[in-house]
Amino acid sequence: MALVTGAAQGIGRAVALILARNGADLVISDINVAKAEETAREIEAVGPKAMAIRVNVADPGEVEQMVQAVLERFGRIDILVNNAGIARDKLILRMTEEDWDAGPRHKFERNV
């Protein structure tokens, strides 16, 4: 069973389809659930089981809920492809507050 984040389109979708063609059941995780559902239907047409789930991987709570849903349905995760992400390629002086806030929201602690 494989879980691919950011799998509704682009590289994540291509990875999910390759895994499906090789027999893996898939969880298609993406912030765009409509596209994730399209990809899941395409995978099921190939044969494996597929589940689409809306998740914003920048939110740890949503990630935890996704993992619980996957474990409830499939019982395990054998493959994780952590493909989801965003890029804000700008000088910090040109970034808007929204650009800055779109990044990860994790607090990092320094162990001394």
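Heavy atoms only: backbone and side chains are in, while hydrogens, waters and symmetry mates are out.
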Inset, instruction - List in chain and number order the residues that pass side-chain contact (heavy atoms from CB on, under 4.5 Å) with L80, two or more places apart in sequence or in another chain; answer none if no residue qualifies. - result: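 side-chain contact (heavy atoms from CB on, under 4.5 Å) check on L80 returns L3.
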Inset, instruction - For N32, enumerate each residue passing the side-chain contact (heavy atoms from CB on, under 4.5 Å) test, keeping only those at least two apart in sequence or located in another chain. - result: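 Result, side-chain contact (heavy atoms from CB on, under 4.5 Å) vs N32: D30, A34, K35.
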Legend entry - Test log, rule side chain to side chain contact (heavy atoms under 4.5 Å, CB included), inputs Q9 and T39: CA-CA 8 Å; Q9 56 194 356; T39 302; over 6 Å; no
Legend entry - G6 backbone acceptor or donor facing N83 side chain under 3.5 Å: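 It does hold such a pair.
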Inset, instruction - Please check if the side chain of T5 supplies one atom and the backbone of S29 the other of a donor-acceptor pair under 3.5 Å. - result: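 No.
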Inset, instruction - Would you mind listing every salt bridge (Lys or Arg N to Asp or Glu O under 4.0 Å) that reaches into residues 1-10, with sequence neighbours excluded? - result: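 The answer is none; no pair qualifies.
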Inset, instruction - Could you name each residue pair satisfying salt bridge (Lys or Arg N to Asp or Glu O under 4.0 Å) that touches residues 71-84, not counting sequence neighbours? - result: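 Counting only pairs at least two positions apart or across chains, the salt bridge (Lys or Arg N to Asp or Glu O under 4.0 Å) contacts touching residues 71-84 are R76-D78.
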Inset, instruction - Answer with yes or no whether the hydrophobic clustering places V63 together with M1; edges join I, L, V, M, F, W, Y residues whose side-chain heavy atoms lie under 4.5 Å apart. - result: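 Yes, it is one cluster - the side chains of V63 and M1 are joined through contacts under 4.5 Å.
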Under 3.5 Å, which donor-acceptor pairs link side chains of residues 45-55 to any protein atom two or more places apart or in another chain?
residue: R54; atom: NH1; partner: E62; partner atom: OE1; Å: 3.1

Legend entry - With sequence neighbours excluded, residues passing side-chain hydrogen bond (donor to acceptor under 3.5 Å, both in side chains) with Q68: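 So Q68 forms a side-chain hydrogen bond (donor to acceptor under 3.5 Å, both in side chains) with E64.
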Legend entry - Remaining members of hydrophobic cluster (4.5 Å side-chain criterion), V15: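 Under the 4.5 Å side-chain rule, V15 groups with V4, I11, L17, L19, L26, I28, I43, I79, V81.
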Inset, instruction - Report the residues that fulfil salt bridge (charged side-chain N to carboxylate O under 4.0 Å, His left out) with E42, sequence neighbours left out, ordered by chain and then residue number. - result: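 Salt bridge (charged side-chain N to carboxylate O under 4.0 Å, His left out) check on E42 returns R13.
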